Protein chains: 2
Amino acid sequence: MKAEGKGDMKREHEILIGFLKQKGLKQTDQREKILDIFLSNVKHVSADELHATIRKSDPRIGFSTVYRTLKILTECGLAREVNFGDGRARFERALDKGQHGHLICTNCGKTEEFAIATIEKSIKQISTNVGFRPLGHRLEVYGLCKRCQ
Amino acid sequence: MKAEGKGDMKREHEILIGFLKQKGLKQTDQREKILDIFLSNVKHVSADELHATIRKSDPRIGFSTVYRTLKILTECGLAREVNFGDGRARFERALDKGQHGHLICTNCGKTEEFAIATIEKSIKQISTNVGFRPLGHRLEVYGLCKRCQ
DNA sequence: CTTATCATTGAATATGAATGTCAATTTCAG
DNA sequence: CTGAAATTGACATTCATATTCAATGATAAG
């Protein structure tokens, strides 16, 4: 389970700490640990799944804390919420990850990411045309992956 | 509350009836009535909201029936499920409506639609490149509408 | 260091949408 | 008509999400 960019994880921690300070919130071991494990996870995790993983290294961390911390991470731009139509929120790393869409196989559930530089441009243009200021977007494509066709 | 395309609503009914027959399901007054009211509704409705509206003209129709019928309408291509991040599924008319994205104001909740012909083209191309067969997609842009900026 | 203050934690509980159950009813083919 | 099979609607269940609260922990001021 190799973590991508693990050598640079300090930066994420600084962002979290800065955010907490700025908001008058407190820096706790739990929050740091949750961020660590979230970052070392490659897949899109739900709060539940992340909690299960964290339990293995520290069984004393409760679900609520994981749940609440994921919200904080989303607020400070370290995580991004995505939705694959399976009825639960999933979170993916947001920092240093270009905007992208998801290809979701409705048969086997496999997901794949794809870059959307051009699409993003269109979105900006269209939005500006109608006076809307876009702050984020979600593009999910449902269909059949190569194997399931 | 003017319904768009009300004069042509027979076509939708034929589609529903055809679908039911083909699947060995039965044609009922409730299903027809739910389709009628769904079509005459301009906004994106949740199952709950649609049920509330229907109750006014026929209080004997239950929530379960509305809920299940919305699923049927989605299956036969008359409705499309959309998600505005408010934690409940919403449904919009699908027939005779080109694919489009949604601009969702995160402040006031107002939603606006926009055409995505170009974006759709990109999606098809990208998908084909990786061997994925796209069957549908959802594009939601979050931001601030003109008034909320 | 000590203390006072206020946020955090985690277990339990509440909420609310989505879905399942089932007896009574309705549809529809024969 | 009649019987088999689907539908209905009230209710119950499930499940993710959100909240509550007493105990604990973090932080700033003295």
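As the structure is a prediction and not an experimental result, all values here were calculated from the model. A, B, ... follow the sequence lines: proteins, then strands. Residue 1 opens every chain.
Regarding L70(B), its CG atom lies at a distance of 13 Å from the P atom of dT8(D), rounded to whole Å.
The local environment of CG in D29(A) is sparse, with at most 12 non-hydrogen atoms from other residues, nucleotides or ligands closer than 6.0 Å. Residue-environment remark: CD (Q125(B)) stays at or below the threshold of 12 foreign heavy atoms within 6.0 Å.
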Study note, to complete from the structure: With B for base contact, S for sugar-phosphate-only contact and - for none (protein heavy atoms under 4.0 Å), nucleotides 20-30 of chain D reads B----BBS---
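Direction of the helix axis in the helix from dC1(C)-dG30(D) to dG30(C)-dC1(D) shifts by 30° between the two five-pair termini, rounded to 10°.
A side-chain N or O of H100(A) and one of E92(A) form a donor-acceptor pair less than 3.5 Å apart. Side chains of E32(B) and H13(B): a donor-acceptor N/O pair is present below 3.5 angstrom, by distance only.
Taking all atoms of both residues into account, the shortest heavy-atom contact from S57(B) to I37(B) is OG-CD1, 3.6 Å.
Between R31(B) and L20(B), some side-chain heavy-atom pair lies under the 4.5 Å cut-off. For the pair V141(B)/H102(B), no side-chain contact is recorded, criterion being any heavy-atom separation below 4.5 Å from C-beta on. For the pair L73(A) and L16(A), the minimum side-chain heavy-atom distance is below 4.5 Å. With a 4.5 Å cut-off on side-chain heavy atoms, H44(B) and F91(B) do not count as touching. You'll find the side chain of R90(A) stays beyond 4.5 Å of the side chain of N83(A), heavy atoms only.
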Using a cut-off of under 3.5 Å, enumerate the N/O to N/O pairs linking the protein to nucleotides 14-17 of chain D.
from    : atom 1 : to     : atom 2 : distance (Å)
dT17(D) : OP1    : A89(A) : N      : 2.8

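Protein chain A contacts DNA chain C from dC6(C) to dA12(C), reading 5' to 3' and using non-hydrogen atoms of the protein with a distance under 4.0 Å.
When the ring pair (Phe, Tyr, Trp, His ring centres under 6.0 Å) test is applied to F114(A), no partner is found at least two apart in sequence or on another chain.
Applying the side chain to side chain donor-acceptor pair (under 3.5 Å) test to every pair with at least one member in residues 127-149 of chain B, sequence neighbours left out, gives no pairs at all.
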